[in-house]
Amino acid sequence: MVTKPCIQLSSISYRYALTSVPVLHNLDLEVSDERIGLIGPNGSGKTTLFQIMVGLLPPESGRLFFEGQEMRCEKDFRLLRRQVGFLFQSADDQLFSPTVLEDVAFGPLNLGLSPEEARDRAVGTLKELGLAGFEERITHRLSGGEKKLVALATILSMKPRLLLLDEPTNNLDPATRDRLTDILQGLPQAQIIISHDWDFLARTTSHLYTLEHGHIHRCEHDHIHSHQHIHRYGDHPHQHND
Ligand SMILES: Nc1ncnc2c1ncn2[C@@H]1O[C@H](COP(=O)(O)OP(=O)(O)O)[C@@H](O)[C@H]1O
Ligand SMILES: [Mg+2]
């Protein structure tokens, strides 16, 4: 039996109102169980692409399939969003409950779990992320790194099949970045990670795609590698010969 791709985008185009140039132009993408790094200059449309993938923006044209089913309307995307977790670039956009436990239990409650089951799921997820004891903490008083991990917990508590992570290491200190790296490496889910952080991508993903001028390309010949030097122009794809 041939397994269907998790998500498939076919000839997707998108342009913001009042702009003449499309951000995405006839874009094709197929994701199964890989861990993909997505790079591209600022403003190239990476976040827009994620928003389209979860139905937060309707494409101007093109088709999107989840597990072989075409997603046509908001009802379809509501079901998709149970299985595709989107970690926003800013944790403050993701967290809205007074306490950490309420935020992390929100998704499971929405999935139809009982309050006790949702609580257990949230407590278990926090523990897996090394956040045991954070349950009653006031969300808006957490540090930036703590907020990022709690935001990740709000998604993982729904046990999604695919994770979309938008610049997850932005503004993290090195220790929290390493902690996030370890967590992502240990997760079973397929992942697409938008990042300018090459070393982080080298440790978390196996394929690299670039998005530029509305098109996405898979870097067939680039090997993601870890290295230590400063990229003055680190948001552009590049190769090393040594
Ligand atoms: N709500 C919006 N209205 C108009 N233009 C937008 C809006 N959001 C983003 N853009 C523009 O669309 C382009 C792509 O944005 P975005 O997807 O956020 O890029 P990236 O995530 O790659 O930095 C940018 O030029 C940005 O200014
Ligand atoms: Mg972005």
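Order of listing sets the numbers, starting from 1, for every ligand and every atom in it.
- Closest protein heavy atom to atom 22 (O) of ligand 1: Lys46 NZ, 2.7 Å.
- Protein heavy atom nearest atom 3 (N) of ligand 1, with residue, atom name and distance: Tyr16 CD2, 3.5 Å.
- Counting only heavy atoms of the protein, atom 18 (O) of ligand 1 lies nearest to Thr47 CB, 3.8 Å.
- Although no hydrogens or angles enter the test, the distance criterion places a donor-acceptor pair under 3.5 Å between the side chain of Thr139 and the main chain of Ser97.
- Checked by atom type, the side-chain pair Thr181/Asp178 shows no donor-acceptor distance below 3.5 Å.
- A donor atom on one side chain and an acceptor atom on the other are found under 3.5 Å apart for Arg218 and His207.
- Defined by atom type and a distance below 3.5 Å, a donor-acceptor pair is missing between the side-chain atoms of Thr125 and Glu128.
- Here Glu70 pairs with Arg63 in a salt bridge; the nearest charged N to carboxylate O distance falls below 4.0 Å.
- Of the heavy atoms in Asn42, only backbone atoms (N, CA, C, O) come closer than 4.0 Å to ligand 1.
- At a cut-off of 2.8 Å, measuring from the Mg ion (ligand 2), the protein N, O or S atoms that fall short of it are Thr47 OG1, waters left aside.
- For atom 19 (O) of ligand 1, the nearest non-hydrogen atom of the protein is Gly45 N, 3.2 Å.
- Scanning Leu211, Val23, Thr48 for the heavy atom closest to atom 16 (P) of ligand 1 points to Thr48.
- Within the structure, ligand 1 lacks Gly40 among the residues with a heavy atom less than 4.0 angstrom away.
- Heavy-atom contacts of Ser44 reach the following atoms of ligand 1: 19 (O), 20 (P), 22 (O) (cutoff under 4.0 Å).
- Aromatic ring pairs are classed by plane angle as parallel below 30°, tilted from 30° to 60° and perpendicular above 60°; the pair Phe88 and Phe86 is perpendicular.
- Protein heavy atoms are absent from the space less than 4.0 angstrom from atom 27 (O) of ligand 1.
- Neither side chain, Ser61 nor Tyr14, offers a donor N or O lying under 3.5 Å from an acceptor on the other.
- For atom 9 (C) of ligand 1, the protein comes within 4.0 Å by at least one heavy atom.
- Here Lys127 does not pair with Glu135 in a salt bridge; the nearest charged N to carboxylate O distance is not below 4.0 Å.
- A donor-acceptor contact under 3.5 angstrom links the side chains of Thr47 and Asp166, judged on distance only.
- A donor-acceptor pair under 3.5 Å is formed between the side chain of Glu117 and the backbone N or O of Ser114.
- Protein heavy atom nearest atom 24 (C) of ligand 1, with residue, atom name and distance: Gly43 O, 3.5 Å.
- Taking a cutoff of 4.0 Å between a charged side-chain nitrogen and a carboxylate oxygen, Asp103 and Arg137 do not qualify as a salt bridge.
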